[in-house]
Each structure stands twice: as C-alpha cells, then as structure tokens.
Number of protein chains: 2
Amino acid sequence: MPAASKKIRGRAPVELDDIDRGLLRMLTENSRRTNNSLAEELGIAPSTCLARLNALRSAGVIRKFTVEVAPEVLGHALEALIFVRIRPGARHLMGAFSEEMRAKPGVTQLFFLGGTDDFLIHVAVRDSDDVRQFVLDNLSANPAVASTQTSLVFEHSQGTAPWL
Amino acid sequence: MPAASKKIRGRAPVELDDIDRGLLRMLTENSRRTNNSLAEELGIAPSTCLARLNALRSAGVIRKFTVEVAPEVLGHALEALIFVRIRPGARHLMGAFSEEMRAKPGVTQLFFLGGTDDFLIHVAVRDSDDVRQFVLDNLSANPAVASTQTSLVFEHSQGTAPWL
DNA sequence: TTTGAAATACCCTTAAG
DNA sequence: CTTAAGGGTATTTCAAA
C-alpha cells in the first residue's frame with residue numbers, strides 16, 4: 001500500500017500554490033503535455049516543474065493520469081441513475097452488493113449513501129432496453145433489494161474543479 | 001467545432017478491436033505512458049500504435065487525456081448528492097439553473113434527469129456545514145426550486161469501463 | 001527550493017517494403 | 001502494418017546559488 005493512499009482522516013489538507021494549481025489545470029485539460037511545455041507556460045525551469053509534479057503525485061493529490069472516454073461514441077448512448085433501497089433484513093449484504101454491482105458491465109459509478117441506507121447506481125448503456133434488462137437481472141432478481149427507482153439522464157456534465 | 005464532437009445521434013457505434021481496447025486500458029491506468037512503451041506492451045510497432053491512438057482521438061472515442069485529483073487530500077473530504085425538484089411553473093428556467101449550478105465551486109457533477117424533471121447535484125465539500133451552506137445559499141434561496149433532498153455519500157467508486 | 005547545463009534516452013517523421 | 005534511420009526533442013540528474 002503506497003503511503004499516499006493511507007487514511008487521511010483528520011490530516012491537514014494539502015495547500016496548493018499558484019504553480020500547483022496551474023499544473024493541475026493544464027494537466028486536467030491535457031495530461032499528455034510534455035514537462036517542458038508545462039514548465040514554459042508556468043515560467044519555471046523544467047527541472048522545477050518535474051519536482052512539483054512528483055510532489056503532487058507523492059502527496060496523493062494526483063491519483064492518476066487517465067483518459068476520458070466518450071461512452072456514446074462506443075454505442076453506450078444512454079445514461080441512467082438507479083436508486084436502490086436495500087431490504088432492512090439484508091443490511092449485512094450491502095458490502096457484497098456493492099462489490100457485485102461495481103463489477104457489472106455498464107456501471108460507471110456507484111454511490112453508497114447515508115441517511116436511508118441506499119445505493120445510487122450510475123449506468124451507461126445502449127438503450128432503454130438495456131436499462132430494463134439491467135434492473136431486472138441485477139436488482140429485481142436480487143433478494144437483498146427492496147425497491148428500485150430509475151431515472152433517465154438527459155444531460156450529464158462535469159462541474160469545474162473547486163481547487164483550480 | 002471539431003468533426004469528432006458533432007452529433008452522433010444514430011451514428012453507428014465505433015467498434016474497437018483488441019489493440020484499441022488494450023490502448024484504452026493502459027491509458028486509463030496511466031495516460032502519460034510513452035507511445036513506445038504502449039507499442040511494446042501491445043506487440044506492435046510504435047508507428048502503428050501512434051496511428052491507432054490518433055484514430056481513437058479523431059473518432060471521438062478519447063475525449064481528452066486528463067488527471068484524476070483526490071478531493072479529500074485537498075480538504076474536500078465530504079461528498080453529497082442533492083436531489084432537486086424544480087417548481088412546475090419554473091420549467092423554463094431549467095437551462096439557466098443548470099448553467100448556474102455547474103459553475104458553483106464544489107459541484108463535481110450535474111445530472112439533468114427525465115421522468116420527473118429533476119436535477120441531481122453531486123458536490124465535494126469540506127464538511128457537513130458546507131453542504132448546509134450550499135443548499136441554503138444556492139437552492140433554498142432559489143425561487144425556481146420546489147424542494148431538495150440531500151444524501152451524504154459514504155462511499156463513491158468508479159465502475160469498470162464496459163468497453164475494455 | 002529553484003536553477004541551468006549536460007548527458008542520456010527517447011520520440012516523431014519519413015520512406016520503403 | 002512494419003521496419004529502419006534521421007533529426008530533433010524531452011527527461012533526468014546534479015552541483016551550485
């Protein structure tokens with residue numbers, strides 16, 4: 001287990017300066033930019049830039065460099081949110097349920113919610129038939145599930161990161 | 001407007017082969033890997049690999065290369081989901097409402113939902129006081145909002161991409 | 001911490017099979 | 001799709017400020 005991924009409960013938040021924020025902003029837009037190009041735009045030396053970048057990585061601020069895929073281009077044109085309520089007598093199965101759902105194809109996000117002990121499943125699938133199929137196969141048939149409520153997503157947008 | 005970002009409504013989905021999937025899988029884990037390194041692991045020539053990568057970009061499969069930031073390390077330790085119902089008489093304000101919310105600091109995702117004309121706002125903030133503040137300032141005070149319902153997020157995980 | 005320079009390593013393009 | 005090679009660029013290290 002990398003040190004960076006240890007519990008951070010109660011730990012003082014990492015404070016970013018302008019250079020850190022600039023790095024994150026640029027890498028958020030294009031994580032494949034070269035170190036030299038980043039350094040130039042920031043007005044610092046490439047070696048400094050590299051040091052900053054490595055610092056952000058070891059501090060755990062940067063979890064990973066990744067790629068954003070467009071699901072609709074690959075035929076997953078429909079997103080849906082499925083609210084799931086677990087049966088009161090099946091609360092001990094919630095951990096297993098969570099793991100099970102997370103692995104299902106089409107599931108893009110899974111929220112375990114407080115308050116009324118619910119899950120929210122975010123799926124990206126081909127069409128409404130797929131949603132129905134997903135609910136029937138994975139939820140309605142599951143004895144731990146008390147009820148579900150599905151909403152189609154008309155629009156889904158990312159917010160602007162608050163730390164930039 | 002790039003050709004790749006045009007409407008794809010009804011367009012035949014892009015079909016991926018093993019090499020494409022391999023590329024996406026590796027880049028999802030680390031988008032800063034060099035082309036040569038990707039090519040080697042895939043067992044193809046670097047030039048071929050680069051061509052594949054560019055093809056995925058122009059096809060719009062790859063939206064962008066980006067970075068995954070850990071909000072909790074920066075002090076945004078609490079996530080919440082806020083369900084918003086818009087007043088029946090204020091449906092014409094939904095577009096504006098959407099834009100307004102998306103720009104608020106702390107908002108990481110915004111879903112515009114069908115069915116019962118609702119929004120779901122996903123926020124990452126410091127603590128529960130911030131959630132309360134967010135709801136009071138941006139939602140309760142908004143005349144277009146009929147009601148809100150907030151759930152704290154105990155766990156939030158990304159699913160495995162179905163196209164890999 | 002940051003820098004500059006130097007050495008190494010690597011990448012991109014092109015052309016040809 | 002591949003190989004091969006050229007010119008060019010990026011990365012990394014390290015001593016010094």
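Every chain is numbered from 1, with letters handed out A, B, ... down the list of sequences.
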Test of ring centre spacing under 6.0 Å for A:Phe97 and A:Phe119: yes
pair [X]-[Y]: side-chain heavy atoms closer than 4.5 Å:
X        : Y        : result
A:Leu16  : A:Val14  : yes
A:Val125 : A:Phe134 : no
B:Pro71  : A:Arg63  : yes

Per-nucleotide protein contact string for nucleotides 7-16 of chain D (B base, S sugar-phosphate only, - none; heavy atom under 4.0 Å): ---SBSB---
Round to a whole Å and report the spacing from [atom1] of [X] to [atom2] of [N].
X       : N      : atom1 : atom2 : result
B:Leu53 : C:dC12 : CG    : C1'   : 13 Å
B:Arg52 : C:dC12 : CZ    : P     : 17 Å
B:Ile19 : D:dC1  : CD1   : P     : 7 Å
A:Asp17 : C:dT1  : CG    : C1'   : 11 Å

NZ/NE/NH1/NH2 to OD/OE distance under 4.0 Å, B:Arg25 and B:Asp18: no
With a sphere of 6.0 Å drawn around [atom1] of [X], does it hold more than 12 non-hydrogen atoms of other residues, nucleotides or ligands?
X        : atom1 : value
A:Arg126 : CZ    : no
B:Glu68  : CD    : yes
A:Arg21  : CZ    : yes

Rounded P spacing from C:dC12 to D:dT12 in Å: 15 Å
Involving DNA chain C, stems made of at least three consecutive Watson-Crick or G-U pairs, both distances under 3.5 Å: C:1-11 with D:7-17, C:13-17 with D:1-5
